[in-house]
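A quick note: this is a predicted structure, and the numbers were derived from the prediction, not measured. Proteins get letters first, then strands, A, B, ... in listed order; numbering begins at 1 in each.
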Amino acid sequence: MSDNTKFGPPKGMRDWLPQETLLRQKLIRLIEHHYQLYGFQPIDTPVMENIEVLQGKGVGENEKLMFRVAKRGEEFSNSIQVVSNAGAQVVDNHGRSAVALNEITDMGLRFDLTVPLARYYSNHSNDLPKPFRCYHIGPVWRADRPQKGRYREFYQCDIDIIGGASDAYEVELLLATDRVLKELNVGKFRIRVSDKRLLPALLTGMGVEGDKVPGVAAALDKLDKQPYEQVKKEIEALGHSLEVLGKVDAFIQNALHKKLEPAHFKLGEAEALAGHIESIRQRVHEVNPDANVVFDPLLVRGFDYYTGPVFEINVEDKDFTFSIGGGGRYDGLIEKLGGPKGTPAVGISLGFERILLILMEKAKAAAQAHSSRVFIVNNGQPEKDILALAEHLRAEGIQVEASLENKKLGQQLEAAQKNGIEYAITKFEQGKASFTVRQLSTRQDKEMTKEELGKTLKNL
RNA sequence: GUGGGAGUAGCUCAAUUGGUUAGAGCACCAGAUUGUGGAUCUGGGGGUUGCGGGUUCGAUUCCCGUCUCUCACCCCA
């Protein structure tokens with residue numbers, strides 16, 4: 001134990017065993033495949049960005065959670081000098097300070113894929129089609145305290161459309177996301193849609209004072225985890241007139257019981273915003289009536305860079321109260337990173353680790369990835385015969401693991417199965433075109449040629 | 001950043017109000033036996049009880065600190 005824990009992976013980061021790696025690769029390939037079906041092109045960016053790219057882009061607390069990267073070589077020594085010359089007041093009780101951090105670090109690990117994408121588009125917009133449809137899958141880092149479904153290193157799967165102002169792009173992103181989540185088989189989920197400006201407009205329309213709007217929104221954001229009664233208390237604690245409270249309560253009750261009518265939105269600019277989101281929802285359902293997309297005016301998303309429609313995805317399971325994805329329209333971000341003025345953009349991000357967690361916990365068996373290797377049992381044949389058969393199969397593109405030790409048959413088969421192998425060649429003869437193939441999970445034997453074997457493995 | 005819970009063999013867990021040399025199952029290794037699936041027998045390796053201090057004649061057990069893991073809050077995918 002002590003030897004194992006002394007040198008574990010860093011807090012909140014994980015190692016992956018072969019079986020787990022296979023499963024991750026399989027799921028990522030599935031996601032990619034469907035993104036490609038919708039015409040999105042792959043891109044990639046460095047895991048680090050210069051610190052100016054990551055700072056001040058309206059990502060809320062994520063910026064505080066950034067892993068910063070220290071300067072290197074002489075620059076680092078110089079920065080230490082500057083900090084120590086500045087005196088003790090720059091050092092807080094954790095031995096750092098904003099001044100020291102900015103002096104000593106010049107890069108950071110990305111904490112999402114959207115900000116790097118905006119930087120990427122700004123740099124390459126001349127070489128990219130308009131609108132640009134891309135997907136971006138990779139690890140991001142946040143120095144958060146880990147807990148269930150929350151890690152310090154995790155993969156995000158983003159699709160984005162940049163340079164398209166039409167809300168038809170929202171419709172298409174929602175269709176693609178719905179499709180991918182169904183292919184992944186995550187169970188019941190809801191893609192909630194609203195407009196960032198809608199809830200504040202509704203609340204002010206009901207008479208909530210401006211400085212109390214964020215507090216009410218923050219309380220409503222907890223509805224996934226807490227019963228309304230508790231949220232209601234939090235809203236009441238902010239101090240509103242009875243008349244306002246009554247209106248707010250009535251609206252929330254109606255929203256929770258899905259009894260909202262267009263009349264409920266006749267509050268200033270809320271009417272137009274709600275109408276717009278409702279139209280997006282309708283157009284999604286015109287194309288795919290089964291899409292799990294709902295208009296939820298109570299949806300709150302924290303990022304400042306969103307400018308219009310926003311999305312959040314949840315599974316309908318009380319064991320998984322976290323969101324498995326989110327997104328929205330961020331029309332100002334690219335310009336902020338030096339891109340063409342007024343470049344519109346919209347995207348949705350899936351939280352790969354959380355989806356994987358759900359798949360693992362809900363359907364452990366179904367979430368197993370079989371290796372497409374075939375195992376050649378060693379029955380004491382000459383080594384050259386076994387290796388020759390292996391080479392023969394490899395020439396056909398079949399992945400082969402040959403047993404080179406004449407252990408007990410049971411041991412060999414058990415070990416192979418434990419390693420995720422599903423098919424084993426238990427008998428073969430030199431010069432014979434077919435051999436005995438056993439499916440390890442069912443223990444059924446079948447005589448096959450190498451072509452038949454190749455087909456069987458491909459279908460795993 | 002805040003708060004709760006837990007750390008004993010590779011894994012799952014024992015160890016009487018604090019009391020001999022910290023045990024068991026599984027796993028692993030070797031040998032025998034079996035010879036087309038997990039069997040059986042024999043033997044074996046394995047631990048600074050997370051780490052450091054304190055109380056005590058004596059600490060896995062009680063106290064303090066610390067580290068790690070975990071759950072929740074904040075925030076988020």
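Within the 4.0 angstrom heavy-atom criterion, only backbone atoms of the sugar-phosphate kind lie near A/F303; the bases stay farther away. If you check every strand for non-hydrogen atoms under 4.0 Å, A/E61 touches sugar and phosphate atoms only. Among the heavy atoms of the strands, none lies under 4.0 Å from A/F352. In this structure, A/S323 reaches the sugar-phosphate backbone alone: every heavy-atom distance under 4.0 Å involves primed, P, OP1 or OP2 atoms, never a base. Using a 4.0 Å heavy-atom criterion, one finds that A/K222 contacts the sugar-phosphate atoms exclusively.
Between A/Q147 and B/A72 there is a side-chain N or O to OP1 or OP2 distance below 4.0 Å.
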### Task
Under 3.5 Å for both distances, Watson-Crick or G-U wobble, that's the pair rule; now give the dot-bracket for RNA chain B, with | marking pairs to another strand and [ ] for crossing ones.
(((((((..((((.....[...)))).(((((.......))))).....(((((..]....))))))))))))....

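Qualifying side-chain contact (heavy atoms from CB on, under 4.5 Å) partners for A/D331, counting only residues two or more places apart in sequence or in other chains: A/T307, A/R329, A/P344. A/F428 is linked by a ring-ring contact (aromatic ring centres under 6.0 Å, His included) to nothing, counting only residues two or more places apart in sequence or in another chain. Scored by the ring-ring contact (aromatic ring centres under 6.0 Å, His included) test, A/Y135 finds A/Y35 as partners (sequence neighbours excluded). Residues meeting the side-chain contact (heavy atoms from CB on, under 4.5 Å) test with A/R190, sequence neighbours left out: A/R192, A/V294, A/E316. The side-chain contact (heavy atoms from CB on, under 4.5 Å) search around A/E183 returns A/L30, A/H34, A/R179, not counting sequence neighbours. Taking the ring-ring contact (aromatic ring centres under 6.0 Å, His included) definition, one finds that A/H124 meets it with A/Y120, sequence neighbours left out. Listed by chain and number, the residues in a side-chain contact (heavy atoms from CB on, under 4.5 Å) with A/I80 are A/F76, A/I104 (sequence neighbours excluded). The ring-ring contact (aromatic ring centres under 6.0 Å, His included) test applied to A/F111 returns no partner, not counting sequence neighbours.
If you take CG of A/L113 and C1' of B/A77, they are 10 Å apart, rounded to a whole angstrom.
Applying the salt bridge (charged side-chain N to carboxylate O under 4.0 Å, His left out) test to pairs two or more places apart or on separate chains, those with a residue in residues 38-56 of chain A are A/E49-A/R119.
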### Reading 5' to 3' through nucleotides 33-39 of chain B, protein heavy-atom contacts under 4.0 Å coded B for base, S for sugar-phosphate only, - for none
-BBBBBB

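Nearest nucleotide to the side chain of A/K11, out of B/C69, B/A77, B/C71: B/C69.
Checking A/G149 against A/P146, the closest nucleotide of RNA chain B that is more toward the 5' end is the one next to A/P146. Two residues, A/E234 and A/P9, neighbour RNA chain B, and the one matched to the more 5' nucleotide by heavy-atom proximity is A/P9.
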Could you list the protein-to-nucleotides 2-4 of chain B atom pairs, N/O on both sides, closer than 3.5 Å?
| residue | atom | partner | partner atom | Å |
| --- | --- | --- | --- | --- |
| B/U2 | O4 | A/R145 | NE | 3.4 |
| B/U2 | O4 | A/R145 | NH1 | 2.9 |
| B/G3 | O6 | A/R145 | NH2 | 3.1 |

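Judged by ring centres under 5.5 Å apart and planes tilted less than 30 degrees, A/F154 stacks against the six-membered base ring of B/A77.
Annotation for A/K427: atom NZ does not count as buried by contact number, only 12 or fewer foreign heavy atoms lying within 6.0 Å. The environment of A/Q439 atom CD is dense: over 12 non-hydrogen atoms of other residues, nucleotides or ligands sit within 6.0 angstrom.
For B/C75, the base has a donor-acceptor partner in the side chain of A/R150 [N/O atoms by modelled type, under 3.5 angstrom].
Checked against the 6.0 Å centroid criterion, the rings of A/F40 and A/Y38 do not qualify as a close aromatic pair.
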